[in-house]
Amino acid sequence: NNLVVRIKTSIENLHSRLDQASKVLQTQKRQLGKHSQAGQEATNLVDGLQAEFAQAATGFKRVLQQRTDNLKETDDRQRQVYG
């Protein structure tokens, strides 16, 4: 359970950092110009990281749900056997 809390905290921190990176990027793109190569490369990088992060977070939630379901099933079976 402690591990789950630590992972959730890490996910929240990563999400916050990606949001900050996106905001900094928007500011820098205004300074560089919308069509600058550096701005476009940075946008592609941040967008890619956000997409990978979303997939990882979704996977983590799926695993947590499976774990919860398995624990519930185990608990239900034990109650049926032991009363």
Side-chain angles (χ1 to χ4, degrees):
N1 201 11
N2 187 25
L3 178 61
V4 171
V5 172
R6 287 184 10 209
I7 292 172
K8 282 184 177 182
T9 301
S10 293
I11 286 174
E12 290 169 2
N13 288 339
L14 284 171
H15 187 264
S16 175
R17 291 175 74 182
L18 282 172
D19 283 345
Q20 289 173 348
S22 183
K23 288 176 185 175
V24 167
L25 180 59
Q26 288 174 1
T27 302
Q28 288 181 349
K29 279 180 72 172
R30 282 187 216 115
Q31 294 171 353
L32 294 172
K34 289 183 179 181
H35 302 291
S36 74
Q37 183 176 351
Q40 190 59 46
E41 288 174 358
T43 299
N44 292 342
L45 177 65
V46 171
D47 289 348
L49 288 173
Q50 286 176 326
E52 287 182 35
F53 173 75
Q55 288 177 342
T58 300
F60 175 69
K61 289 176 185 176
R62 202 173 311 128
V63 168
L64 275 183
Q65 186 61 51
Q66 283 180 326
R67 179 178 170 228
T68 300
D69 293 345
N70 290 342
L71 288 173
K72 186 178 183 312
E73 288 175 16
T74 300
D75 188 46
D76 290 345
R77 277 189 242 124
Q78 286 178 348
R79 286 184 184 172
Q80 288 176 352
V81 172
Y82 298 114

Measure the CG-CD distance between L45 and Q50 for me, rounded to the nearest 0.5 Å. 10.0 Å
Tell me whether I11 shares a hydrophobic cluster with V46, the cluster being built from Ile, Leu, Val, Met, Phe, Trp, Tyr side chains joined at under 4.5 Å. no
Can you list every salt bridge (charged side-chain N to carboxylate O under 4.0 Å, His left out) pair that touches residues 72-83, not counting sequence neighbours? K72-D76, E73-R77, D75-R79
Once rounded to the nearest 0.5 Å, what's the spacing between atom OG of S10 and atom CZ of R17? 10.5 Å
If you look at every heavy atom in L14 and F53, which pair is closest and at what distance? CB-CE1, 3.6 Å
Indicate yes or no: at least one non-hydrogen side-chain atom of T43 is less than 4.5 angstrom from one of Q26. no
Minimum heavy-atom distance between L32 and A38, given as atom pair plus value: CD1-CB, 4.4 Å
Determine, using the 4.5 Å side-chain heavy-atom cutoff (strictly less than), whether L64 and L71 are members of one ILVMFWY cluster. no
N44 and Q40: side-chain donor and acceptor closer than 3.5 Å? yes
Between G39 and L25, the two heavy atoms sitting closest are O-CD1, 4.1 Å
Roughly how far apart are K8 NZ and K61 NZ, rounded to 0.5 Å? 9.0 Å
Hey, what do you get for CG (N13) to CG (L18), rounding to the nearest 0.5 Å? 11.0 Å
Please report the interatomic distance OG(S36) to CD(Q28), rounded to the nearest 0.5 Å. 9.5 Å
List in chain and number order the residues that pass side chain to side chain donor-acceptor pair (under 3.5 Å) with D69, two or more places apart in sequence or in another chain; answer none if no residue qualifies. Q65
